Amino acid sequence: PAPGMESLPEAVLLRILASIPAVELVLVCRLVCCQWRNLVDGAALWILKCQQEGLSRAESDVEDWQSFYFLSKKRRNLIKNPCGEEGLEHWGEVENGGDGWKIEELPGDFGKEFPSEEVHKYFVTSYEWCRKAQVIDLRAEGYWEELMDTTQPKIMVRDWYAGRGDAGCLYELCVKLLSENEDVLAEYKSDTVTIPQGNDGSWTEISHTFSSYGPGVRFVRFEHGGQDTLFWQGWYGARVTGSSVTLEP
């Protein structure tokens, strides 16, 4: 009989397997035989796939190359409509204090351009507290239970806020990691940021990284908001845009 795949040198077999889509490797190829299972479960195959697809990291920094590969491929902003391009679409639990939320074009009156040219709009608050929230279903976004419970990838949260130069304002951010039953497993709550009247209107980034948060995380609840401190009718409160939640490899 002609020699089969089992006769190939392991280095050659690794290169063949590395050309197969990752999901098929785990769900199909891993079941073929003990040798293939060991290769799929090992680091060498996933290091090779990472090299081929330009996903780099110092080898000493990675404990699980398979998880690193999948997290790197999935990495994206899980917040939908972060800059108001779709109005208030995807934002829930909206609190419209004063005259409520409004979307404006950058830079806005007495404002500054955003650091990234890709951002064109922002949300702005009014003379009473305006808040809005978004709940991210991690399983629906492709982050399976074993990955969240065992690997526990870092969850990076970012937001950008600004005032307008002719008015003072307040800003707050609160992010919670929730269980299946929406119990709070970890929480980050910023101080109430006070921006004085006469500020320069520049944008400030706020960020937090959740790590070693334990098993059971299934949802991320992101909430932010603000108001002005002068109680002027209209939209003189905190401006927010560029919100993001990413799972980091």
Side-chain angles (χ1 to χ4, degrees), residues 1-82 90 118 134-158 175 177-183 185-186 208-222 244-249:
M5 292 280 284
E6 67 276 1
S7 66
L8 290 174
E10 189 168 284
V12 175
L13 182 54
L14 274 174
R15 292 204 166 271
I16 293 172
L17 291 175
S19 67
I20 297 173
V23 173
E24 292 183 26
L25 285 174
V26 174
L27 297 182
V28 180
C29 298
R30 188 177 180 276
L31 306 179
V32 171
C33 63
C34 290
Q35 182 191 22
W36 285 32
R37 181 190 65 203
N38 291 336
L39 290 176
V40 173
D41 289 347
L45 172 60
W46 299 100
I47 290 173
L48 181 56
K49 283 189 75 66
C50 287
Q51 291 172 344
Q52 290 176 343
E53 299 181 35
L55 307 175
S56 61
R57 177 73 71 85
E59 292 193 20
S60 59
D61 292 342
V62 179
E63 294 182 7
D64 182 342
W65 278 96
Q66 185 181 129
S67 294
F68 174 80
Y69 175 86
F70 278 106
L71 285 167
S72 297
K73 295 293 284 186
K74 287 180 176 294
R75 188 180 183 279
R76 66 196 186 282
N77 186 5
L78 300 177
I79 292 285
K80 297 178 174 63
N81 185 27
H90 304 297
E118 297 176 359
Q134 197 166 136
V135 177
I136 298 165
D137 183 337
L138 294 171
R139 283 176 300 192
E141 297 292 343
Y143 297 96
W144 59 97
E145 295 180 3
E146 183 182 358
L147 179 73
M148 296 307 304
D149 293 347
T150 304
T151 303
Q152 293 178 34
K154 292 179 180 179
I155 300 175
M156 173 69 80
V157 177
R158 293 186 178 90
V175 184
L177 306 186
L178 306 177
S179 70
E180 178 75 34
N181 298 320
E182 300 191 5
D183 299 319
L185 302 181
H208 178 76
T209 301
F210 292 96
S211 61
S212 302
Y213 39 77
V217 172
R218 300 293 178 263
F219 302 95
V220 179
R221 185 183 186 277
F222 180 104
S244 68
V245 173
T246 56
L247 271 64
E248 302 289 339

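Since this is a predicted model, take the numbers as computed values, not measurements. Reckoned from all heavy atoms, side chains included, excluding hydrogens, waters and symmetry mates.
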With a 4.5 Å heavy-atom cut-off, do [X] and [Y] have their side chains touching?
| X | Y | result |
| --- | --- | --- |
| L147 | L71 | yes |
| Q35 | L13 | yes |
| F210 | V157 | yes |
| T246 | R158 | yes |
| V175 | H208 | no |
| M148 | P153 | yes |

_For N81, give me all partners under side-chain contact (heavy atoms from CB on, under 4.5 Å), at least two apart in sequence or on another chain._
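E85, E86, E89, H90, W91, F123.
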_Partner residues of E118 under the side-chain contact (heavy atoms from CB on, under 4.5 Å) criterion, sequence neighbours left out_ =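 With sequence neighbours excluded, E118 shows a side-chain contact (heavy atoms from CB on, under 4.5 Å) to S116, given in chain and number order.
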Testing the basics here: between [X] and [Y], what is the closest heavy-atom pair and its distance to 0.1 Å?
| X | Y | result |
| --- | --- | --- |
| L14 | L39 | CD2-CD2, 3.9 Å |
| E53 | Y69 | OE2-OH, 2.9 Å |
| A18 | K49 | O-NZ, 2.9 Å |
| W46 | A22 | CZ3-CB, 3.8 Å |
| K74 | W144 | CE-CZ3, 4.0 Å |
| K154 | S211 | CG-CB, 4.0 Å |

*Please lay out, stage by stage, how L48 and L17 fare under the test side chain to side chain contact (heavy atoms under 4.5 Å, CB included).*
CA-CA 10 Å; L48 181 56; L17 291 175; over 6 Å; no
*Check salt bridge (Lys or Arg N to Asp or Glu O under 4.0 Å) between K80 and all other residues, then give those that pass, not counting sequence neighbours.*
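For K80, the residues satisfying salt bridge (Lys or Arg N to Asp or Glu O under 4.0 Å) (neighbours in sequence not counted) are E141.
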*Under a 4.0 Å N-O cut-off, is there an ion pair linking D149 with R218?*
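A salt bridge links D149 with R218.
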With rounding to the nearest 0.5 Å, note down the distance linking [atom1] in [X] to [atom2] in [Y].
| X | Y | atom1 | atom2 | answer |
| --- | --- | --- | --- | --- |
| R15 | Q52 | CZ | CD | 6.5 Å |
| E146 | T151 | CD | OG1 | 7.5 Å |
| D64 | D41 | CG | CG | 9.5 Å |
| L178 | D183 | CG | CG | 8.5 Å |
| W65 | L45 | CH2 | CG | 12.0 Å |
| L78 | L247 | CG | CG | 6.0 Å |

*Which is it for F70 and V26 under the side chain to side chain contact (heavy atoms under 4.5 Å, CB included) test, yes or no, and what are the steps along the way?*
CA-CA 11 Å; F70 278 106; V26 174; 4.0 Å; yes
*When you measure from the side chain of S179 to the backbone N and O of N181, does any donor-acceptor pair fall under 3.5 Å?*
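Flag set: sc S179 to bb N181 pair under 3.5 Å.
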_Short side-chain to backbone donor-acceptor contact, Y143 and D137, under 3.5 Å_ =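 Checking the backbone N and O of D137 against the side chain of Y143, no donor-acceptor pair under 3.5 Å is found.
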*May I have the step-by-step check of side chain to side chain contact (heavy atoms under 4.5 Å, CB included) for M156 and R75, ending in yes or no?*
CA-CA 11 Å; M156 173 69 80; R75 188 180 183 279; over 6 Å; no
